[in-house]
Amino acid sequence: MINKPSGFTLIELLIAVSILSALLFTGTYSYQMLAGRWQKDLGQFEQSAKAVKHFNLINDILLGVQPYVVMDKKLSYTKPAFFFIGFEQSLLAITGAGLFSKNYPEIFKLTALEKENGRFDLIYQAISSENILLLTTQQSIEFEHRIVLLEDLDEVSFNYLGWDSYMEYAEIAENLKPATWRDKFSGIDNQLLPIQMAVVIKKGDKKMMFSADFNRKTLRYLSPYYDID
(Lines give C-alpha, C1' and ligand atoms only; values in the text may rest on other atoms or scores of the structure.)
Protein backbone atom coordinates (compact mmCIF):
# COMPACT_ATOMS: atom_id res chain seq x y z
CA MET A 1 0.00 0.00 0.00
CA ILE A 2 1.40 3.38 -1.05
CA ASN A 3 1.05 6.28 1.46
CA LYS A 4 -0.11 9.61 -0.03
CA PRO A 5 1.96 12.64 0.97
CA SER A 6 0.26 14.92 3.56
CA GLY A 7 -0.13 18.74 3.16
CA PHE A 8 -1.53 21.06 0.51
CA THR A 9 -0.91 21.24 -3.18
CA LEU A 10 0.30 24.41 -4.82
CA ILE A 11 -3.11 25.01 -6.37
CA GLU A 12 -4.81 24.68 -2.98
CA LEU A 13 -2.36 27.19 -1.47
CA LEU A 14 -2.96 29.67 -4.27
CA ILE A 15 -6.72 29.36 -3.82
CA ALA A 16 -6.40 29.85 -0.06
CA VAL A 17 -4.14 32.91 -0.48
CA SER A 18 -6.58 34.42 -3.01
CA ILE A 19 -9.53 33.95 -0.65
CA LEU A 20 -7.58 35.41 2.29
CA SER A 21 -6.50 38.42 0.19
CA ALA A 22 -10.10 39.03 -0.86
CA LEU A 23 -11.24 38.88 2.78
CA LEU A 24 -8.49 41.26 3.89
CA PHE A 25 -9.35 43.71 1.10
CA THR A 26 -13.04 43.62 1.94
CA GLY A 27 -12.35 44.06 5.65
CA THR A 28 -9.94 46.95 5.08
CA TYR A 29 -12.34 48.70 2.71
CA SER A 30 -15.25 48.31 5.14
CA TYR A 31 -13.12 49.61 8.01
CA GLN A 32 -12.06 52.66 6.02
CA MET A 33 -15.68 53.42 5.15
CA LEU A 34 -16.80 53.06 8.76
CA ALA A 35 -13.82 55.04 10.05
CA GLY A 36 -14.48 57.85 7.56
CA ARG A 37 -18.15 58.00 8.52
CA TRP A 38 -17.23 57.93 12.22
CA GLN A 39 -14.77 60.79 11.80
CA LYS A 40 -17.38 62.82 9.91
CA ASP A 41 -20.04 62.17 12.55
CA LEU A 42 -17.55 62.89 15.33
CA GLY A 43 -16.57 66.17 13.69
CA GLN A 44 -20.20 67.25 13.40
CA PHE A 45 -20.79 66.25 17.02
CA GLU A 46 -17.78 68.24 18.22
CA GLN A 47 -18.96 71.29 16.27
CA SER A 48 -22.47 70.93 17.69
CA ALA A 49 -21.13 70.46 21.21
CA LYS A 50 -18.93 73.57 20.81
CA ALA A 51 -21.87 75.61 19.50
CA VAL A 52 -24.10 74.52 22.40
CA LYS A 53 -21.35 75.38 24.88
CA HIS A 54 -20.93 78.85 23.39
CA PHE A 55 -24.70 79.42 23.29
CA ASN A 56 -24.77 78.70 27.01
CA LEU A 57 -21.84 81.05 27.59
CA ILE A 58 -23.64 83.88 25.76
CA ASN A 59 -26.76 83.27 27.80
CA ASP A 60 -24.78 83.31 31.08
CA ILE A 61 -22.94 86.51 30.10
CA LEU A 62 -26.19 88.35 29.44
CA LEU A 63 -27.94 87.04 32.56
CA GLY A 64 -24.94 88.20 34.58
CA VAL A 65 -25.10 91.86 33.46
CA GLN A 66 -24.83 94.11 36.52
CA PRO A 67 -26.06 97.66 37.27
CA TYR A 68 -22.68 99.32 37.65
CA VAL A 69 -22.70 103.06 38.37
CA VAL A 70 -20.09 105.37 36.83
CA MET A 71 -19.89 109.16 36.76
CA ASP A 72 -20.60 110.87 33.46
CA LYS A 73 -18.49 114.01 33.54
CA LYS A 74 -19.59 116.67 31.09
CA LEU A 75 -18.16 120.15 30.73
CA SER A 76 -20.97 121.78 32.69
CA TYR A 77 -22.10 119.01 35.05
CA THR A 78 -21.46 115.53 36.43
CA LYS A 79 -24.17 112.91 36.75
CA PRO A 80 -24.31 109.27 37.84
CA ALA A 81 -25.05 106.77 35.09
CA PHE A 82 -25.05 103.07 34.40
CA PHE A 83 -22.24 101.45 32.45
CA PHE A 84 -24.35 99.93 29.71
CA ILE A 85 -24.02 100.95 26.05
CA GLY A 86 -26.07 98.87 23.68
CA PHE A 87 -26.32 99.10 19.91
CA GLU A 88 -27.88 96.86 17.30
CA GLN A 89 -24.72 94.80 16.89
CA SER A 90 -22.66 95.51 20.00
CA LEU A 91 -22.96 95.71 23.76
CA LEU A 92 -20.55 97.23 26.28
CA ALA A 93 -21.36 96.41 29.90
CA ILE A 94 -20.25 94.57 33.05
CA THR A 95 -21.13 90.96 33.83
CA GLY A 96 -20.69 88.79 36.87
CA ALA A 97 -20.52 85.71 34.63
CA GLY A 98 -17.42 86.51 32.59
CA LEU A 99 -15.38 83.93 30.73
CA PHE A 100 -11.93 84.73 32.09
CA SER A 101 -12.32 86.12 35.62
CA LYS A 102 -14.16 83.94 38.12
CA ASN A 103 -13.64 86.06 41.23
CA TYR A 104 -14.33 89.53 39.79
CA PRO A 105 -16.91 90.93 37.36
CA GLU A 106 -15.70 91.48 33.82
CA ILE A 107 -15.98 94.58 31.70
CA PHE A 108 -16.91 93.13 28.33
CA LYS A 109 -17.83 93.99 24.78
CA LEU A 110 -19.94 91.64 22.70
CA THR A 111 -19.67 92.52 19.01
CA ALA A 112 -21.10 91.15 15.78
CA LEU A 113 -18.14 91.75 13.47
CA GLU A 114 -19.03 91.79 9.78
CA LYS A 115 -16.52 90.06 7.50
CA GLU A 116 -15.70 90.57 3.82
CA ASN A 117 -18.15 87.86 2.76
CA GLY A 118 -21.00 89.70 4.48
CA ARG A 119 -21.30 87.23 7.33
CA PHE A 120 -20.67 87.89 11.01
CA ASP A 121 -18.49 86.55 13.80
CA LEU A 122 -19.69 87.09 17.36
CA ILE A 123 -16.67 88.36 19.33
CA TYR A 124 -16.32 88.56 23.12
CA GLN A 125 -13.68 90.90 24.56
CA ALA A 126 -13.09 91.38 28.26
CA ILE A 127 -10.96 92.66 31.08
CA SER A 128 -11.37 91.81 34.75
CA SER A 129 -12.54 94.59 37.06
CA GLU A 130 -9.67 93.49 39.29
CA ASN A 131 -7.29 95.06 36.77
CA ILE A 132 -9.14 98.33 36.14
CA LEU A 133 -11.03 100.66 38.43
CA LEU A 134 -13.86 102.00 36.31
CA LEU A 135 -15.08 105.31 37.72
CA THR A 136 -16.08 107.56 34.83
CA THR A 137 -17.44 107.26 31.30
CA GLN A 138 -14.38 109.06 29.99
CA GLN A 139 -11.96 106.26 30.90
CA SER A 140 -10.39 104.28 28.09
CA ILE A 141 -10.66 100.48 28.22
CA GLU A 142 -8.07 98.11 26.78
CA PHE A 143 -9.35 94.56 26.74
CA GLU A 144 -7.00 91.75 27.74
CA HIS A 145 -8.93 88.82 26.31
CA ARG A 146 -10.67 88.09 23.03
CA ILE A 147 -12.54 85.00 21.86
CA VAL A 148 -14.75 84.16 18.87
CA LEU A 149 -17.95 82.64 20.23
CA LEU A 150 -19.81 82.02 16.96
CA GLU A 151 -18.65 82.12 13.35
CA ASP A 152 -20.14 82.74 9.89
CA LEU A 153 -23.54 83.97 11.04
CA ASP A 154 -25.99 85.35 8.49
CA GLU A 155 -27.66 87.81 10.86
CA VAL A 156 -27.10 89.14 14.38
CA SER A 157 -29.24 91.78 16.10
CA PHE A 158 -29.46 93.10 19.67
CA ASN A 159 -32.69 94.65 20.97
CA TYR A 160 -33.52 96.28 24.29
CA LEU A 161 -36.76 96.75 26.24
CA GLY A 162 -36.86 99.81 28.46
CA TRP A 163 -37.64 103.48 28.98
CA ASP A 164 -35.99 106.70 27.87
CA SER A 165 -34.97 107.84 31.36
CA TYR A 166 -35.16 106.95 35.02
CA MET A 167 -37.67 109.78 35.52
CA GLU A 168 -39.98 108.19 32.97
CA TYR A 169 -39.61 104.86 34.73
CA ALA A 170 -40.30 106.40 38.14
CA GLU A 171 -43.55 107.86 36.83
CA ILE A 172 -44.69 104.71 35.05
CA ALA A 173 -47.14 103.70 37.76
CA GLU A 174 -48.92 107.04 37.44
CA ASN A 175 -48.77 107.45 33.65
CA LEU A 176 -49.06 103.73 32.74
CA LYS A 177 -46.57 104.15 29.92
CA PRO A 178 -45.17 100.74 28.91
CA ALA A 179 -41.55 99.99 28.13
CA THR A 180 -40.71 99.86 24.42
CA TRP A 181 -38.28 97.83 22.31
CA ARG A 182 -35.43 99.65 20.60
CA ASP A 183 -32.14 98.79 18.86
CA LYS A 184 -30.12 101.23 20.99
CA PHE A 185 -30.01 101.71 24.72
CA SER A 186 -27.61 103.87 26.71
CA GLY A 187 -27.42 103.48 30.46
CA ILE A 188 -25.35 106.66 30.43
CA ASP A 189 -27.92 108.83 28.68
CA ASN A 190 -31.02 107.14 30.15
CA GLN A 191 -29.51 106.64 33.64
CA LEU A 192 -31.29 103.33 33.62
CA LEU A 193 -30.78 99.75 32.49
CA PRO A 194 -33.20 98.05 30.11
CA ILE A 195 -35.44 95.52 31.77
CA GLN A 196 -34.86 92.96 29.05
CA MET A 197 -32.54 92.24 26.15
CA ALA A 198 -32.99 89.94 23.16
CA VAL A 199 -30.24 88.67 20.85
CA VAL A 200 -31.38 87.14 17.57
CA ILE A 201 -28.92 84.96 15.64
CA LYS A 202 -29.53 83.39 12.23
CA LYS A 203 -27.38 80.92 10.33
CA GLY A 204 -28.76 79.24 7.25
CA ASP A 205 -32.29 78.07 7.96
CA LYS A 206 -31.68 78.02 11.72
CA LYS A 207 -32.67 80.91 13.97
CA MET A 208 -32.06 81.28 17.69
CA MET A 209 -32.98 83.97 20.20
CA PHE A 210 -31.46 84.65 23.60
CA SER A 211 -33.55 86.62 26.06
CA ALA A 212 -32.22 88.01 29.34
CA ASP A 213 -34.16 89.84 32.05
CA PHE A 214 -32.25 92.52 33.94
CA ASN A 215 -32.60 94.01 37.40
CA ARG A 216 -35.81 96.10 37.50
CA LYS A 217 -34.84 97.91 40.71
CA THR A 218 -31.82 99.78 39.43
CA LEU A 219 -33.10 103.13 40.73
CA ARG A 220 -31.91 102.20 44.21
CA TYR A 221 -28.33 102.36 42.92
CA LEU A 222 -28.86 106.03 42.10
CA SER A 223 -30.45 106.86 45.46
CA PRO A 224 -27.15 107.95 47.06
CA TYR A 225 -26.92 110.64 44.33
CA TYR A 226 -30.58 111.69 44.13
CA ASP A 227 -33.56 111.80 46.40
CA ILE A 228 -35.06 108.64 44.92
CA ASP A 229 -37.24 106.26 46.91
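As the structure is a prediction and not an experimental result, all values here were calculated from the model. Residue numbers start at 1 and run along the sequence shown.
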Q.
Testing the basics here: between Met197 and Leu62, what is the closest heavy-atom pair and its distance to 0.1 Å?
A. SD-CD2, 4.0 Å
Q. Would you find a donor on one side and an acceptor on the other, under 3.5 Å apart, between the side chain of Ser186 and the backbone of Ile188?
A. yes
Q: Flag the pair Leu135 / Lys73 as yes when at least one side-chain heavy-atom distance between them is below 4.5 Å, and no otherwise.
A: no
Q) Rounded to the nearest 0.5 Å, how far does OG1 of Thr218 lie from CG of Asn190? A) 10.5 Å
**Q.** Heavy-atom closest pair, residues Tyr160 and Pro194
**A.** CB-CB, 4.1 Å
Q | Leu222 to Pro80 - nearest heavy-atom pair and separation | A | CD2-CB, 4.0 Å
Q) Just wondering, are more than 12 heavy atoms of other shown residues or ligands nearer than 6.0 Å to CD in Gln138? A) yes
Q. Between NZ of Lys184 and CG of Asp189, what distance do you get to the nearest 0.5 Å?
A. 11.0 Å
Q. Looking at Met71 and Thr78, what are the two nearest heavy atoms and their distance?
A. CE-CG2, 3.4 Å
Q. Do you know the tightest heavy-atom contact between Phe158 and Leu110?
A. CE1-O, 3.6 Å
May I have the list of side-chain donor-acceptor pairs in residues 84-108 shorter than 3.5 Å, sequence neighbours left out?
residue: Gln89; atom: NE2; partner: Val156; partner atom: O; Å: 3.3
residue: Thr95; atom: OG1; partner: Ile61; partner atom: O; Å: 2.9
residue: Thr95; atom: OG1; partner: Gly64; partner atom: O; Å: 3.4
residue: Thr95; atom: OG1; partner: Ala97; partner atom: N; Å: 3.0
residue: Ser101; atom: OG; partner: Tyr104; partner atom: N; Å: 3.4
residue: Ser101; atom: OG; partner: Tyr104; partner atom: O; Å: 3.1
residue: Ser101; atom: OG; partner: Ser128; partner atom: OG; Å: 3.1
residue: Glu106; atom: OE1; partner: Leu99; partner atom: N; Å: 3.1
residue: Glu106; atom: OE1; partner: Tyr124; partner atom: OH; Å: 2.6
residue: Glu106; atom: OE2; partner: Phe100; partner atom: N; Å: 2.6
residue: Glu106; atom: OE2; partner: Ser101; partner atom: N; Å: 2.5

Q | Rounded distance (nearest 0.5 Å) linking atom CD1 of Ile58 with atom CG of Leu150 | A | 4.0 Å
Q) Mind checking what makes side-chain hydrogen bond (donor to acceptor under 3.5 Å, both in side chains) contact with Asp60, not counting sequence neighbours? A) none
Q: Tell me, with the steps shown, if Asp152 and Lys115 meet side-chain contact (heavy atoms from CB on, under 4.5 Å).
A: CA-CA 9 Å; Asp152 292 326; Lys115 302 190 294 185; 2.4 Å; yes
Q | CG-CG distance between Asp121 and Leu149, expressed to the nearest 0.5 angstrom | A | 10.0 Å
Q: Nearest 0.5 Å please: distance from the CZ atom of Phe82 over to the OH atom of Tyr68.
A: 12.5 Å
Do any side-chain atoms of residues 198-211 form donor-acceptor pairs under 3.5 angstrom with protein atoms, and if so which ones, sequence neighbours left out?
residue: Lys203; atom: NZ; partner: Glu151; partner atom: O; Å: 3.3
residue: Ser211; atom: OG; partner: Gln196; partner atom: NE2; Å: 2.7

(Q) Let me check something: do Leu134 and Tyr221 share a hydrophobic cluster, defined by ILVMFWY side-chain heavy atoms less than 4.5 Å apart, either directly or through other members? (A) no
Q | side chain to side chain contact (heavy atoms under 4.5 Å, CB included) against Asp154, all qualifying residues, sequence neighbours excluded | A | Arg119
Q) Listed by chain and number, what are the side-chain hydrogen bond (donor to acceptor under 3.5 Å, both in side chains) partners of Asn131, not counting sequence neighbours? A) Glu144
Q: Please report the shortest heavy-atom distance between Phe83 and Ile141, naming the atom on each side.
A: CZ-CD1, 3.6 Å
Q. In chain order, what residues pass the side-chain hydrogen bond (donor to acceptor under 3.5 Å, both in side chains) check against Arg146, with sequence neighbours excluded?
A. none
Q) Do Ile123 and Gln125 have side chains that get closer than 4.5 Å, going by heavy atoms? A) yes
Q: Drop me the distance from Trp163's CH2 to Leu192's CG, to the nearest 0.5 angstrom.
A: 7.5 Å
Q | Non-hydrogen side-chain atoms of Val70 and Thr136 separated by less than 4.5 Å | A | no
